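Below is one structure, written out as structure tokens; comments come after it.
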Amino acid sequence: MASIAKRKTKAGETRWVVKFRAPDGYQREKWCATLREAETYVTNVSADQLRGGWVDPRAGKVTLQHYAEEWLQMRPNLRPRTLETYEAQLRLHIVPRLGAIDIANLTPAMIRRWHGELSRSHLAMNTVAKCYRMLSAILATAVADELIARNPCTVKGAGVERCDERPVATVDQVLSLADVIEPRYRSAILLAGFVGLRRGEILGLERRHLNLLHRTLTIEQQQQELSDGRVLVVPPKTEAGKRTLVLPQFIVAELERHIAIFSEDGKSGRVFAGERGGPLRKLTLHKHWDRARKQVDLPSGFRFHDLRHTANTLTAANGASLRELMHRMGHASSEAALRYQHATRDRDAVLAAAVGELAERVQRERDAANSA
């Protein structure tokens, strides 16, 4: 299947040339510095062809930047915000270091060095994990396209995001936030802190999504804001994100007052509209949220999204099953819902302590009776 011949270069140096016939019928050759290198190459080429895994080295002669741009174009169904994020990751963190290299020449060592440099930079580790995961997905497609033989992204665990434990507000703090924030945003605090809605889900609510007679709220869309200022209303990422939730009775009364004063008219009217009409901007909500957070003395690291974490923790602590948590959170996977099971474990610890104290008290009474 292959032959090795010794040749002289124009500079008079000795090289070893491997010649072999590729599956397409054309002859290929590879120049090697040593006989051992040539023999190893023959062994690898022969094995690859026998198992049908041989890849033409010329196929991977395309820069990572060019292939990555094509990779994005091949995904017309990406959500606008996701596409914007991917483009930023490529432009800022992948292309500057690796973009000019042909994908056929990328090695695990190169990827490891790039990942190490990102990890030592100012970037958050979860951002590094997202960039690595995206690069790995791009090169996995190159493998499927038979442009490269194997994916050089081999850094174990590099694409795994590690979520730090987020702070949880008390019920009193959530109610205090609702009390001190501008009345227009009071119901947004309650929906996040006691129902567990995301900010985008709250901003995407229309009056047709509320059935206050039956105490239900339906999530079927969310509002996204792009970096260029455009506001889009898009469906949830997954089908599990589309859900109907039962509302606590006191929130129904709050929403009735909110709709009467602040919401747009008509079934398609926004529940949370801007002060001058149109969509409520996330920057506007954040400004009022941050002011209220300071008044309640919550730490600067406590985010609006942590209200959702608070609601899910309260739900878990009150006995919700994993399936029930997944439904209320709008998750197709149990992975995120499992994070809130610690609330149930904490409650279990309290119950165990109470039982232990009871048993110890009875034991002390028994010991006292026996010693008497």
Side-chain angles (χ1 to χ4, degrees), residues 15 18 22-24 26 28-33 37 40-41 44-45 48 52-163 224-230 232 234 237:
R15 291 291 183 270
V18 177
D24 59 12
Y26 290 95
R28 304 280 195 275
E29 65 178 32
K30 166 75 173 177
W31 287 67
C32 300
E37 180 186 344
T40 300
Y41 186 79
N44 291 337
V45 166
D48 287 343
W54 182 80
V55 174
D56 188 344
R58 298 177 305 177
K61 296 297 181 182
V62 54
T63 65
L64 175 62
Q65 180 177 359
H66 181 76
Y67 187 75
E69 290 169 352
E70 285 190 344
W71 184 85
L72 284 178
Q73 292 174 3
M74 290 187 291
R75 280 152 180 77
N77 296 326
L78 282 177
R79 296 156 63 89
R81 188 72 185 92
T82 303
L83 177 61
E84 191 175 65
T85 300
Y86 283 177
E87 288 174 339
Q89 289 172 355
L90 277 172
R91 183 179 69 256
L92 298 175
H93 308 307
I94 298 176
V95 167
R97 179 68 177 82
L98 302 173
I101 302 173
D102 288 347
I103 59 174
N105 295 333
L106 288 171
T107 65
M110 289 179 184
I111 304 299
R112 198 177 302 111
R113 282 194 296 271
W114 164 78
H115 178 261
E117 290 170 2
L118 280 191
S119 300
R120 291 188 296 272
S121 69
H122 65 280
L123 287 181
M125 290 309 299
N126 281 349
T127 301
V128 175
K130 287 183 173 72
C131 292
Y132 181 90
R133 196 162 60 241
M134 180 187 180
L135 177 60
S136 182
I138 292 170
L139 295 176
T141 304
V143 173
D145 289 344
E146 298 184 349
L147 301 184
I148 54 178
R150 53 189 62 84
N151 192 333
C153 292
T154 58
V155 182
K156 189 174 181 180
V160 178
E161 294 182 53
R162 291 166 177 80
C163 298
Q224 288 187 346
E225 195 168 330
L226 303 184
S227 58
D228 61 7
R230 284 183 294 155
L232 306 176
V234 298
K237 285 185 178 181

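In this text the structure is predicted, and so the values were computed from the model without any measurement.
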Separation of L139 CG from L106 CG (nearest 0.5 Å): 6.0 Å
Side-chain touch T154/I111, heavy atoms, less than 4.5 angstrom: no
Non-hydrogen side-chain atoms of I138 and L64 separated by less than 4.5 Å: yes
Rounded distance [0.5 Å steps], CG in L98 versus CG in N105: 12.0 Å
Rounded distance (nearest 0.5 Å) linking atom CD of E37 with atom CZ of R15: 9.0 Å
Atom pair OG1 (T82) and NZ (K237), whose distance is rounded to the nearest 0.5 Å: 5.5 Å
E84: side-chain hydrogen bond (donor to acceptor under 3.5 Å, both in side chains) partners, not counting sequence neighbours: R81, S227
Separation between CD1 of I101 and CE of M110, rounded to the nearest 0.5 Å: 5.0 Å
Donor-acceptor pair, side chain of W114 and main chain of H93, under 3.5 angstrom: yes
Taking every non-hydrogen atom, the tightest pair across R133 and G159: NH1-O, 2.7 Å
Side-chain (N151) to main-chain (V143) donor-acceptor, under 3.5 angstrom: no
Under 3.5 Å: donor-acceptor pair, side chain of D228, backbone of R230: yes
Please list every donor-acceptor pair under 3.5 Å in which a side-chain atom of residues 71-79 meets a protein atom from a residue at least two apart or in another chain.
{"residue": "W71", "atom": "NE1", "partner": "T141", "partner atom": "OG1", "Å": "3.0"}
{"residue": "R75", "atom": "NH1", "partner": "W71", "partner atom": "O", "Å": "3.0"}
{"residue": "R79", "atom": "NH1", "partner": "P235", "partner atom": "O", "Å": "2.4"}
{"residue": "R79", "atom": "NH1", "partner": "P236", "partner atom": "O", "Å": "3.4"}
{"residue": "R79", "atom": "NH2", "partner": "P235", "partner atom": "O", "Å": "3.3"}

Main-chain N/O of A142 paired to Y67 side chain as donor or acceptor, under 3.5 Å: yes
Donor-acceptor under 3.5 Å (S121 side chain, L118 main chain): yes
Nearest-0.5 Å distance, OH of residue Y132 to CZ of residue R112: 9.0 Å
Closest non-hydrogen atom pair, C153 against S136: SG-CA, 3.7 Å
Y86 side chain reached by L90 side chain, heavy atoms, under 4.5 Å: no
Taking every non-hydrogen atom, the tightest pair across T63 and A100: CG2-O, 3.7 Å
